[in-house]
Amino acid sequence: KSPAAAVAASKAGLTKLVRVPNGVSFTPHLKGLDNVPITQAIPTLSGDMNAFWSQEFANSGVQWPTVQDVLVQTSPASTQCSDHPTIAPTDPMLLCYGQAATFFWTIPWMQRNVDTDAAHVNLLLGMASMYGYAVQDLFGVYKQVQAGQVTNGQVEQQDLCLAGIYARSVDQRGLFESADITTVNKWLSSLKGDSSSGGATAQQLQQAFVAGYNSGMPSTCGLQGGGGTPTTPTSPTTTPTSPTTTPTSPTAT
């Protein structure tokens with residue numbers, strides 16, 4: 001839970017978030033996900049991401065919402081989003097805010113478009129991006145887009161930077177095997193600049209992810225709360241590398 005004196009993210013600014021420490025920062029939840037059903041992998045991954053970001057916010061004195069997961073598998077589900085009252089299993093993933101931040105994980109769509117490797121590494125990266133959008137929304141980024149202060153291309157870069165920060169924590173906890181790092185780099189190379197990325201180029205998207213991965217510092221992602229002026233993520237100097245020690249048991253994601 002957020003500390004009693006925690007402030008709303010919209011009044012704090014992303015620069016208030018402290019640097020994510022190296023190594024184990026909370027109890028690892030990601031174990032034995034190779035070849036497990038997606039309906040089992042999603043709650044495990046979301047639980048880990050929620051633990052990661054809730055602790056990061058708590059350590060920084062910023063409020064983090066209660067998170068709920070809804071698996072949309074065979075029939076449409078109702079949401080609390082006024083502009084998206086229902087979601088079908090074949091629709092893209094959705095995040096809605098009400099009394100809690102609710103992620104609607106659309107199983108058929110995710111199996112076809114996101115979860116494309118047996119170790120669920122691509123699923124991890126796709127869900128990490130959704131959590132990045134949640135962080136952005138808390139800091140008022142989408143209001144800045146509406147006000148013309150932030151471009152859609154910057155939003156996509158900033159989101160990937162935040163996803164990179166989470167992926168770094170997975171690596172730092174020794175939960176990536178060498179094969180998983182290969183999958184991460186293939187995913188990184190597959191990022192393309194097009195209309196869906198808000199005009200950002202492939203290089204900008206790749207650099208944004210690696211900037212977060214290398215630094216572990218949310219301020220690297222260039223978001224400001226309260227209508228501040230955003231900055232473009234800095235160019236990275238290295239690409240993700242494999243852990244210094246190889247797990248002795250199958251604990252990779």
Are Phe139 and Lys11 packed together at the side-chain level, in the sense that at least one heavy-atom pair is separated by less than 4.5 angstrom?
no
Does the Asp137 side chain pair with the main chain of Ala134, one donor and one acceptor, at a distance under 3.5 Å?
no
With a cut-off of 3.5 Å and sequence neighbours excluded, list every side-chain donor-acceptor pair involving residues 77-90.
unit_1: Thr79; atom_1: OG1; unit_2: Cys81; atom_2: N; d: 3.1
unit_1: Thr79; atom_1: OG1; unit_2: His84; atom_2: O; d: 2.4
unit_1: Thr79; atom_1: OG1; unit_2: Pro85; atom_2: O; d: 3.4
unit_1: Gln80; atom_1: NE2; unit_2: Thr102; atom_2: OG1; d: 3.2
unit_1: His84; atom_1: NE2; unit_2: Thr86; atom_2: O; d: 3.2

Between the CG atom in Asn185 and the OG atom in Ser190, the distance rounded to the nearest 0.5 Å is 11.0 Å
Residues at least two apart in sequence or cross-chain that pass ring-ring contact (aromatic ring centres under 6.0 Å, His included) with Tyr131, listed by chain then number, are Phe103
Within the structure provided, determine whether Leu160 and Leu191 are in side-chain contact (heavy-atom separation under 4.5 Å).
yes
Is it true that a side-chain atom of Thr182 and a backbone atom of Ser178 form a donor plus acceptor pair closer than 3.5 Å?
yes
Would you say Leu162 and Trp53 make side-chain contact, with heavy atoms under 4.5 Å?
yes
Only counting residues at least two apart or in another chain, list the ones meeting side chain to side chain donor-acceptor pair (under 3.5 Å) with Trp187.
none
Who are the side chain to side chain donor-acceptor pair (under 3.5 Å) partners of Tyr142, not counting sequence neighbours?
Gln136
To the nearest 0.5 Å, how far apart are CG in Leu205 and SG in Cys161?
12.0 Å
Test log, rule side-chain contact (heavy atoms from CB on, under 4.5 Å), inputs Leu124 and Tyr166
CA-CA 10 Å; Leu124 178 151; Tyr166 171 73; 4.0 Å; yes
Shortest non-hydrogen contact from Phe52 toward Ser169
CE1-CB, 3.5 Å
Can you find a heavy atom in the side chain of Val7 that is under 4.5 Å from one in the side chain of Gln63?
no
Kindly indicate whether the side chain of Ile165, heavy atoms from C-beta on, has any atom under 4.5 Å from the side chain of Glu56.
no
Under the side chain to side chain donor-acceptor pair (under 3.5 Å) test, residues paired with Asn122 that sit two or more places apart:
Thr116, Asp117
Return all side-chain donor-acceptor pairs below 3.5 angstrom for residues 107-115, not counting sequence neighbours, or 'none' if the list is empty.
unit_1: Asn113; atom_1: ND2; unit_2: Trp109; atom_2: O; d: 2.9
unit_1: Asp115; atom_1: OD1; unit_2: His120; atom_2: ND1; d: 2.9
unit_1: Asp115; atom_1: OD2; unit_2: His120; atom_2: ND1; d: 3.2

Going by atom types only, do Tyr133 and Glu156 share a side-chain donor-acceptor pair under 3.5 Å?
yes
For Leu123 and Ala41, which heavy atoms make the closest approach, and how far apart are they?
CD2-CB, 3.9 Å
Decide yes or no for Gln154 and Val145: does some side-chain heavy atom of the first lie under 4.5 Å from some side-chain heavy atom of the second?
no
What about Ile181 and Val121, same hydrophobic cluster or not, with Ile/Leu/Val/Met/Phe/Trp/Tyr joined at side-chain heavy-atom distances under 4.5 Å?
yes
ILVMFWY cluster, Leu95 and Phe104 together (side-chain gap under 4.5 Å)
no
Just wondering, do Trp64 and Val135 contact through their side chains at under 4.5 Å, heavy atoms?
yes
What's the shortest heavy-atom distance between Pro218 and Leu17, and which atoms?
CG-CB, 3.7 Å
